[in-house]
Structures are given as structure tokens and as C-alpha cells.
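Have a look at the structure below, then the notes.
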There are 2 protein chains.
Amino acid sequence: MSDHSKTEHQDARERLLEAALEQFTRCGYAATSVRELCQAAGVTKPVLYYYFKSKEGLYLQLMDESYALLESVLAQLTRFEGHTADRLIHFCCGIYDTAVVMKDKVRLMFSIYFGPPQGAPHYNLERFYDRILEVLDVIIGEGIERGEVRQGNCSDMQWMILSCLNASVEEMLCEAEPRIDRTFIQRMVMMLFSGIGVKSTERSR
Amino acid sequence: MSDHSKTEHQDARERLLEAALEQFTRCGYAATSVRELCQAAGVTKPVLYYYFKSKEGLYLQLMDESYALLESVLAQLTRFEGHTADRLIHFCCGIYDTAVVMKDKVRLMFSIYFGPPQGAPHYNLERFYDRILEVLDVIIGEGIERGEVRQGNCSDMQWMILSCLNASVEEMLCEAEPRIDRTFIQRMVMMLFSGIGVKSTERSR
DNA sequence: GTCTATATTGAGATAGAC
DNA sequence: GTCTATCTCAATATAGAC
């Protein structure tokens, strides 16, 4: 502890960010007051304004740090091995598991993505979906080259997988007991590969 | 026009509901002020309190009417004909088309479903997904009986379809140009029936 | 850096005339 | 039923002492 005062500053700052995550998620940006925020963080109002300049500044800082975390995880999920189905499952479950760990932050992001601005400055979250689509494109493209995926509309395949991954995460976020989870992602990929239709002439079970 | 005054009352009431839909969707419940609401509807504040008793009352009335509309549409989509794939496509596209027509109301519902309470009273929207799952269960169940759908995890099939339908609607709601749409739903169902895997060597796990 | 105290604005809601 | 005028309260933000 070469610098005791600095440590305390960090503490107050960090506590404010935690409180902001909690309150913004539970009450929304507009309905969260600076008073409640500071009370929850155990600091007084001027402390917030000192570190973040305004309620908006605190919000943007929170979003920046949360999104950076997501990006860093995505960067670690780009090592692929095995059959295309296994690669897809590994990648999607990696995203899902991260969402579980970052549950609070992900919930906030969903509410911002779908929710109205509420007076909060706009924050671009769509780009994360674009990043996922890019990775899926690579995996499926290689799968076709390797002869493991049928020729077809590659974009549709990406969207089917992203849709199911998305639904799994959404269910995970819900208040009630989730009806689909991580294992659904695996079964979904397998089902997508095999198809659910009955072929009269070929393909015995 | 036996009662002229009544017609005018209805107008003010209706204009308030329209303004509420617009404002709640764009700014959220908490960030929408009664002043803006009344200004947009071209009435004064006491008019709002006269018809709806409070901001909360107006909100609940808006939600009730919107949800009732959704339910009525769902009830009209339960006549099935043709192959199971066609039934699924018909049903899902029916939901999608309805969502397009009710775009503003659906956007509000999404923002409420995912968003934080914002001080607004809770409104149960999850039940609509349950209703969709019920219908999909019937269609797929009959499909298995008719030998058009392979034996398997019926629940997973429902969730895959619901997930893709959901994603289509979400993309339709987004500000940017949607990258998937109504036609994706059709291709998705066909793809789900045929599968994307290469089956030359009869892979089985 | 952190406090107390306060300035200022706009919110939701209502009283009472017409 | 609809208005004007107003009440009350809580919001964001800051001034200035320590």
C-alpha cells in the first residue's frame, strides 16, 4: 500500500459502478435517481460528480467497461477443433457460458438494446451480434469446404444458430425457471444437422 | 350522432392512447412526462386524469388493449391445412405479419418484456410465448402422428421454430435495415426439415 | 476528495371556475 | 368535460467549508 488514498478512490469509484449496474438493470436509466445510486454505493452525491462528471458519464463508463469484457471473451473463442457441429457447439456454448457469468451486465445490455432510450445516450450494441455472425460465417464456410455441411444458404444457417443462441440467453435472463438452457444449444445444432423431416426413400434411423 | 359530446370524449381518449403508445415506445415509461403526453395528444393534463385516473392507469389501459389485439389474432391462426411444414410456415408467417401490422405495439411490448420496470406496474407478456408454444406443440404433435415429422424431442423443435420467429420479429423491429424477414421463416422451416448436414456416409451419433 | 446545504427545475397530481 | 392556476415533492446538479 504505497498509496492509501488512491485505493480508497478506486473503492468509491468501483462501488458506484457496481451500484449503477444493479440499479440501471432493476429500474432503468431514467427511473434510477442519483440519490438512490449514491445511497446504494455508500457515498454522497458530490463523489459521483467528482468521478464521473454526471449520471450520463457514469452510465457510459459502465457500458464501455461491460462491452470491452464481452469483446475480450469473444476473442478467446476463435480456436476451432473437430467436426463443424462440435465447433459450432463449442463456440455457442462459450458465448452462453459467458452470458451466465456476466448475467447482470448482459441483462442490462438486453434492456438497453430493446428498450427505449429513456434519456440515456445511445450505445451501439448491435455490433456484438455482427461479430457473432462473422465467426459463424467462418465456421460454416469451412464446414462446407470440408464437406461436413451441405451447400446452401450460409446466411440462413448463421441466423438459425444465432436465433437459438439468442433465445437460450434470453430464457436464461428471465425471472422464471428457464425452459431451455445450454444443453438446448447442443441438441439444436445436432437437430439442425440431421433435420427433423421424414425421408420416405432413404435414411433409416 | 345522437350524442355529440360522447364522440368528442372518445376522440380525446383515443388520442391519448395513441400518444401514449408513441411516447412510451420512444422514451420509455419513466422518461415520458404527463406534460409531453398531453401536448402530443392535444389535450390538457386534467383530461388525462379524468379518463385514466393516472399515468399508470393510461399505461395499463394501453397494454390491455394491445394484448387483447394479439390474442384475437392468435385465435384466428389455428386452422391448419396441408403438410406440417406448410402449417408451421403459415402459422409463423401469420404471427410475423401481425407483428408487422402492429409494429409500434409490438415494439413497446418487447421493450417492456426485456426492459426494467421503470416504475411502471408489471405486465405479464410471457404468456403470449406460452400460447405460441402450445400451438406449435399441436402442429408438430400431429406432424409426428401423420408421419411427416421424425420422432424426437418435440419441445426442442418448438423452441427452434419459436427462436427463429422471435429473431425475425426482433430484426423487423430494429432501426437499421432488417437482414432477415418473413421469407427467412419459410426457408428456416424447410431447412429444419431437410437438415444441413451431409449424409453421404450415414453419420449417426 | 468528501462533506452539508442549497439552488433550480420539472415531475405528477389536483382545486375550482366554467 | 375541459380549462387555468397551483400544490407538493423529488430530481439533477453545484457552492463552498473542511
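Chain letters run A, B, ... following the sequence lines, proteins first and then strands; every chain starts at 1.
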*Residue Tyr50(B), side-chain heavy atoms: nucleotide from dT2(D), dA13(C), dT6(C) that is nearest*: dT2(D)

*Which of these nucleotides, dG1(C), dT2(D), dT6(D), is closest to any side-chain atom of Ala12(B)?*
dT2(D)

*Rounded off to whole Å, could you give me the CG-to-P distance for the Leu37(A) and dA13(D) pair?*
11 Å

*Whole angstrom is fine here: how far is it from NZ in Lys55(A) over to P in dA13(D)?*
8 Å

*Which nucleotide sits closest to the side chain of Tyr49(A): dT4(C), dA15(C), dA13(D)?*
dA13(D)

*Let me know, please, whether Pro46(A) or Glu36(A) comes out on the 5' side of the other along DNA chain D by nearest nucleotide.*
Glu36(A)

*Quick one: is Arg35(B) getting a side-chain N or O under 4.0 Å of the dA11(C) phosphate, OP1 or OP2?*
yes

*Quickly, which of Ile161(B), Ile95(B), Asn166(B) forms a side-chain contact (heavy atoms from CB on, under 4.5 Å) with Ile132(B)? Name it, please.*
Ile95(B)

*asked:* Of the listed nucleotides (dC3(D), dA13(D), dG12(C)), which one gets closest to any side-chain atom of Lys45(A)?
replied: dA13(D)

*Using whole Å, report how far CG of Leu48(A) lies from P of dT2(C).*
12 Å

*Salt bridge flag under 4.0 Å for residues Arg146(B) and Glu142(B)*: no

*Whole angstrom is fine here: how far is it from OH in Tyr29(A) over to P in dA11(D)?*
14 Å

_I need the CZ-P distance between Phe52(A) and dT14(D), as an integer number of Å._
16 Å

_Salt bridge Glu65(A)-Lys105(A), side-chain N to carboxylate O under 4.0 Å_ = no

*So which nucleotide from dC3(C), dA13(D), dA15(C) ends up closest to the side chain of Thr44(A)?*
dC3(C)

*What integer distance in Å separates Gln39(B):CD from dG10(C):C1'?*
13 Å

*asked:* I want to verify a distance call: between dT12(D), dG12(C), dG1(D), whose nearest atom is closest to the Tyr51(B) side chain?
replied: dG1(D)

*Between Cys164(A) and Phe184(A), what is the shortest heavy-atom contact and its length?*
CB-CE2, 3.9 Å

*Please round to the nearest 0.5 Å and tell me the distance separating atom CD1 of Ile180(A) and atom CZ of Arg187(A).*
9.0 Å

_Just the rounded figure in Å: distance from C1' of dA13(C) to NZ of Lys53(B)._
12 Å

